[in-house]
Each structure stands twice: as structure tokens, then as C-alpha cells.
Amino acid sequence: MHLHRWLATGCVVAVTAGLGACSSSGGTTSVGKTSTPPASNLVVETSFVLKTLDPARMFEPTGLMIDHVLYDTLLTYRGSDVTTPVPDLATSYTASSDAKTYTFTLRPGIKFANGDPVTAADVVFSLMRTKNVNGNPSFLMAGITATSPSPDAVVLTSATPNTAIPAILTNPALGIVDAKKVQAAGGSDAAGAVTADKAETALNTTSEGSGPYTLTSYSTTTQVVLTANPTYWGPKPKYGKIVIRNVEASVQKLDVLKGESQIAVDLSPTQAQGMTGVQIVNGASPNLFFLLTNDNPKISKITSNPQFQTAVRDGIDYAGLVQLAGKGAVQAAGIIPSMFLGSLPAGSGATFDPTKAKAALAASGAGHPTLKLVYPSDIQVNGISFGDLAARVQQDLQAIGITVQLQGQSIQVALSSYRGGQEEMGLWYWGPDFPDPSDYLNFLPGALVGLRAGWVKGADPALEKMGTTAADTTQNAARAVIYQQIQRSMNSSSPFMPLVQPAQILVGAQSLKNLQSNALWLVDLSELG
């Protein structure tokens with residue numbers, strides 16, 4: 001999920017940081033503490049980024065974690081592996097050679113928590129409702145139509161080749177709801193659902209899914225309580241009740257150490273350092289910090305110069321940025337995160353070489369330029385401040401002869417110039433909309449993020465042709481090769497400099513089994529043993 005998706009909810013958030021949650025009251029509140037919870041209960045603490053639990057409107061981190069255990073999807077992921085979708089409500093699927101038609105065979109005998117059978121009609125209703133409600137996740141179904149040719153099959157038809165469909169379908173926003181119940185609550189999957197659908201309030205009161213848990217109570221400011229679904233078709237839920245509390249990161253640390261909670265989701269590497277008596281899952285997150293140098297000469301004749309771009313790329317101390325980001329962070333080898341199909345091997349990213357950087361700057365003819373670097377100053381990602389990263393980039397580039405004036409701005413102000421392609425230089429991040437490399441074709445010339453860097457269609461025909469080939473290729477082995485070729489090309493010549501993947505940390509009680517982080521829903525509460 002990149003910023004333009006999250007901010008469409010109308011609130012500014014600190015992404016997995018304790019700067020205050022996005023909520024109806026605009027504040028972060030911790031509920032009253034109790035004694036150590038019974039063994040049958042699980043208490044999870046996180047700083048809420050939560051607007052709704054209605055799958056058709058939900059696209060925030062806390063909602064993804066919760067809806068993942070309320071609603072089954074056609075396909076899902078197990079553990080921390082987000083490279084290969086596995087069966088969930090669908091036992092198998094086939095794809096046409098042109099990647100436009102996908103046929104899913106449904107698992108027989110599945111029932112919703114209320115006892116109603118899960119049917120192909122429910123699947124079609126759910127997917128088309130998400131599309132037509134036109135909420136934050138509706139783009140997942142853009143150009144896709146769902147139909148049911150038989151009671152046990154669902155067909156997804158895409159207007160264009162779409163190799164990402166299996167990965168897209170794992171998103172909890174495409175969770176399957178009981179069509180009969182949702183329609184009775186005012187829900188609609190029709191073309192006019194954007195105004196006709198009135199089911200959100202009901203779905204924030206009673207979940208209508210077939211997942212391992214059901215919704216007991218819901219608040220965007222205090223806590224969400226889930227209860228085990230006794231008729232769940234899969235492995236029996238470990239916990240009778242799960243309480244997800246809205247708590248600032250600093251308090252999360254204290255509570256998990258005292259045993260008042262079993263999981264803390266939002267600690268930074270600095271906060272987690274030195275903790276004992278708990279287990280810490282620490283690895284790179286799928287979030288990508290990157291630098292852009294505008295390729296539009298009307299914005300800057302300096303930043304659009306390929307030699308200047310090379311100077312910046314060679315002049316950044318990537319190891320220093322990783323050290324700043326903390327334990328678990330890694331250098332971004334390319335634009336595709338390390339855990340996704342098509343990512344480049346560790347160590348194959350840009351290399352810090354001040355001598356080459358100075359030579360490239362001299363070759364650019366720019367002399368010793370002064371440029372402005374814009375970044376959002378009021379948010380963090382995985383506990384990392386954009387201002388801290390910007391200051392380190394400023395220091396590195398000053399050493400090779402480039403003066404950078406830092407322009408920290410509120411996220412609303414910075415987003416305007418970023419989206420409009422008006423920044424000479426920008427420091428931003430991209431979080432995945434879905435765990436598939438095709439999401440990163442947005443960085444190519446003429447695409448969404450490419451245009452934000454002034455990189456217009458036709459700027460690199462060879463690269464753009466590779467992008468078209470990648471979008472049309474269906475075999476994963478071949479896809480991986482093409483996406484790596486794309487990134488190697490961009491690492492040698494493009495207006496983008498991938499910097500670092502920050503750490504994603506989970507801290508849990510030692511009694512927990514199978515605690516793993518997931519790039520899509522942070523932690524799978526149903527897999528904990």
C-alpha cells in the first residue's frame with residue numbers, strides 16, 4: 001500500500017510507528033490493563049491504522065491483520081512466504097495462456113460462521129462488491145469481472161493480461177462475505193454500489209465470513225475483540241478470544257515485557273534492542289525507501305542529466321543508511337523487495353563509490369549544484385524518520401560536491417508536489433499493494449511513479465518493452481528473469497535510487513509458537529500455536 005492509497009482514507013498516519021493512530025476521534029488510546037490474560041486468550045497491541053472492517057472498504061494495516069482471520073479468500077499465503085499463493089476457499093485454479101482468464105474450483109462443504117453454505121454466488125458477489133463500492137481497495141479489481149459458470153467454479157476475466165491476479169486475490173479486502181446477509185444489511189454488488197451499498201455499519205458490528213474468528217466488538221480508538229469460530233473448516237483456532245488493542249509503541253514494549261500482552265507489532269529496531277525474556281522476529285519489511293531525481297528538464301536541467309543521476313547513485317553510502325535503519329534492515333537491491341518474486345539477490349544493488357560519483361558529477365557539467373530535496377516530515381515508516389534519512393543523504397552528497405537543501409513538509413503538502421512531478425529531488429517510500437512484482441511496473445517511464453519523477457513514456461523504449469513483456473509473461477521462472485533484467489537496467493540508468501528496506505519487527509511472548517511476520521497482514525493470528 002503506497003501513500004496515495006492510505007491517505008485516501010482522509011487521515012495522516014505514522015506507518016508502524018507510535019506517532020498517533022488514524023481513527024474516528026483522531027487520537028490513540030490505550031484500554032485499561034488487566035492481569036495476565038488466560039491462556040485461551042491472546043492480546044495483541046498495535047498502533048491502530050484502522051478505518052473500517054468492511055472488506056470492500058478496508059485497506060489499512062490493522063484492518064488487513066484483522067480481516068485476514070475474519071474472512072477467507074480464494075487464495076492465501078502461509079507463514080512469511082509471499083512468493084507463492086496457496087489454496088484457501090479455492091482448492092485449485094487454472095490460467096489461460098494470455099493471462100486474461102482464471103478459473104477457480106471451490107472447496108466443497110464450506111460454511112460461513114453463521115451456518116450458511118459458501119457458494120460461488122457469494123464469491124462473485126464479494127469480489128464485484130469490492131470493485132463497485134469504489135472504496136480504497138477497488139483498484140484491486142480494476143478491469144476484472146467475476147462470474148460463476150457452475151456452483152463450484154468462479155471465473156475471473158481481465159480486460160488485459162494480468163499475471164498478478166493470484167497474488168491480488170490473497171488480499172483480505174477480497175475476503176468472501178455471505179451475500180444473503182450482506183444484502184439484507186443493505187449491501188450491493190451492482191454498478192451503482194458506490195452510493196447504493198449501505199452495509200458498512202453492519203459489517204463493523206457482525207462479520208459475515210467463514211474465517212477462523214468472528215467479530216465480537218469493534219472500535220477504531222480502543223480495541224477490537226475477536227471470538228473463535230467453533231465451526232471453522234480448517235485447523236481449530238488456538239485462542240478462544242483475541243483482543244487487538246490500540247496502544248502506542250512505547251507502551252507496547254512495556255506491556256509485552258510485563259506479560260500484559262503477547263504481541264507488540266510496532267516496535268522500532270531501537271526500541272527492540274536489548275529486550276530479553278521475549279522472542280523477536282526481525283527481518284526486512286516490504287517497504288521501500290527510494291530517492292528520485294526528476295527526469296524532466298523543465299523541472300531541473302541538472303537532475304535530468306544522466307551523469308548527475310549516476311553521481312547521486314554512486315555517491316550514497318548505502319551501508320550507512322542500513323546502519324541508520326537498524327538491525328533487520330537491508331539495502332534495497334532494486335525496486336522489488338527482497339521477499340518477492342523477481343527480486344535481485346542481496347548485494348547486487350548500487351555500490352557506494354565516491355570517486356566514480358565525483359567523476360560523473362564533473363562529466364555532467366553541473367559544477368557543484370544546489371538542489372532541494374522534498375520529503376514528508378511528519379510520518380515514520382517502520383520506526384524510521386524521513387528526516388533522518390534525508391539528513392544522511394544530504395551528508396553523503398555534500399561529500400561529492402552536491403549541496404542538498406532539505407525541504408521537510410507535512411505529508412499533505414509534500415504529496416501534492418510529489419504526485420504532480422514537481423520535485424527536483426524527493427525522498428519517498430512504496431509499500432506493496434499486493435505481493436507481486438507487477439506492482440512495481442509503476443516505476444517505469446510513463447507509469448504512475450515514473451511520471452512523479454518526470455520519467456515520461458518513450459524515455460527508455462528498451463526498458464518499456466521489457467515492462468510490456470513482463471506484464472504478458474505467465475510462467476513464474478520467466479517472470480523472475482525479466483523483472484531482474486528490468487531492475488538491473490534501472491540500477492544503471494534511471495531517475496530512481498532504491499535505498500533501504502527497513503526492518504519489520506514483531507515482539508512476542510516466549511510461549512507463542514510459530515510467530516512470523518508477513519508482508520501483507522503483518523502477523524497471521526490464526527497460525528499462532
Side-chain angles (χ1 to χ4, degrees), residues 1-28 47-51 59-61 136 139 287-304 312 316 321 324-325 369-395 397-398 402-431 433 442-443 447-456 495-500 502:
M1 282 153 282
H2 33 88
L3 286 170
H4 78 276
R5 304 282 184 210
W6 283 359
L7 295 179
T9 64
C11 56
V12 178
V13 300
V15 185
T16 59
L19 297 185
C22 165
S23 66
S24 58
S25 69
T28 300
S47 184
F48 277 14
V49 185
L50 178 65
K51 180 176 180 287
F59 206 64
E60 295 78 41
N136 287 335
F139 77 99
N287 295 319
L288 168 73
F289 281 98
F290 65 90
L291 190 69
L292 69 84
T293 53
N294 206 300
D295 205 58
N296 184 353
K298 293 182 180 179
I299 300 298
S300 173
K301 292 182 179 179
I302 295 173
T303 63
S304 59
V312 172
I316 295 173
L321 295 182
L324 175 66
T370 298
L371 299 158
K372 296 178 181 178
L373 172 62
V374 177
Y375 62 90
S377 59
D378 54 354
I379 67 170
Q380 294 184 351
V381 175
N382 295 106
I384 299 176
S385 163
F386 279 83
D388 291 342
L389 278 183
R392 188 64 63 90
V393 169
Q394 178 190 47
Q395 174 184 308
L397 296 185
Q398 184 68 47
I402 300 172
T403 298
V404 173
Q405 296 177 342
L406 301 183
Q407 300 285 310
Q409 300 172 350
S410 69
I411 183 66
Q412 296 97 331
V413 174
L415 271 175
S416 179
S417 60
Y418 170 54
R419 290 171 174 167
Q422 299 299 306
E423 297 174 354
E424 288 183 317
M425 299 179 68
L427 176 63
W428 290 93
Y429 97 100
W430 182 274
D433 291 315
N442 282 295
F443 282 79
L448 178 70
V449 186
L451 291 174
R452 293 174 178 178
W455 212 18
V456 298
F496 293 106
M497 295 83 200
L499 300 178
V500 63

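Everything quoted here is computed from the prediction, not taken from an experiment.
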Stepwise side-chain contact (heavy atoms from CB on, under 4.5 Å) check, Ser304 with Asn296: CA-CA 6 Å; Ser304 59; Asn296 184 353; 6.0 Å; no
Decide side-chain contact (heavy atoms from CB on, under 4.5 Å) for Val404 and Gln398; before the verdict, give the C-alpha distance in whole Å, the side-chain angles of both, and the deciding distance to 0.1 Å. CA-CA 7 Å; Val404 173; Gln398 184 68 47; over 6 Å; no
Step-by-step side-chain contact (heavy atoms from CB on, under 4.5 Å) determination, Leu397 to Met425: CA-CA 12 Å; Leu397 296 185; Met425 299 179 68; 4.0 Å; yes
Would you please test Asn136 and Glu60 for side-chain contact (heavy atoms from CB on, under 4.5 Å) and show each step? CA-CA 9 Å; Asn136 287 335; Glu60 295 78 41; 3.5 Å; yes
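The line from CZ of Arg452 to CZ of Arg419 is 6.0 Å long, rounded to the nearest 0.5 Å. To the nearest 0.5 Å, atoms CG (Leu371) and OG1 (Thr293) are separated by 9.5 Å. Separation of atoms CD1 (Ile299) and CD (Gln422) is listed at 4.0 Å; rounding is to 0.5 Å. Once rounded to the nearest 0.5 Å, the distance linking CD1 of Ile379 with CD1 of Ile384 reads 12.0 Å. Distance check, rounded to the nearest 0.5 Å: CH2 of Trp428 to CG of Leu292 gives 9.0 Å. With values rounded to the nearest 0.5 angstrom, Leu321 atom CG is found 6.0 Å from Leu499 atom CG.
The side chain to side chain donor-acceptor pair (under 3.5 Å) search around Ser385 returns none, not counting sequence neighbours. Listed by chain and number, the residues in a side chain to side chain donor-acceptor pair (under 3.5 Å) with Glu424 amount to none (sequence neighbours excluded).
Across all non-hydrogen atoms, the minimal contact from Leu291 to Val393 is CD2-CG1, 4.2 Å. Across all non-hydrogen atoms, the minimal contact from Ser377 to Gly408 is OG-C, 3.8 Å. Nearest approach of Leu427 to Ala390, heavy atoms of both residues: CD2-N, 3.6 Å. When every heavy atom of Gln409 is checked against every heavy atom of Ala414, the shortest pair comes out as OE1-CA, 3.4 Å. Residue Leu288 comes nearest to Pro498 through the heavy atom pair CD1-CB, 4.1 Å, listed as atom of the first residue, atom of the second, then distance.
Asp295 places no side-chain N or O within donor-acceptor distance of the main-chain N or O of Pro495, the cut-off being under 3.5 Å. Counting only distance, with no hydrogens or angles, the side chain of Gln407 and the backbone of Leu373 share no donor-acceptor pair below 3.5 Å. With Thr303 contributing its side chain and Asn294 its backbone, the two residues share a donor-acceptor pair below 3.5 Å.
A ring-centre distance under 6.0 Å is not found for Phe289 and Tyr375. For Phe290 and Tyr429, the ring centers sit 6.0 Å or farther from each other. For an aromatic pair to be called close, the ring centres must be under 6.0 Å apart, and Phe443 with Trp430 satisfies this.
Between Val381 and Phe386, the closest side-chain pair of non-hydrogen atoms falls below 4.5 Å. Val374 has its side chain out of reach of Tyr418: every pair of non-hydrogen atoms, C-beta onward, lies at least 4.5 Å apart.
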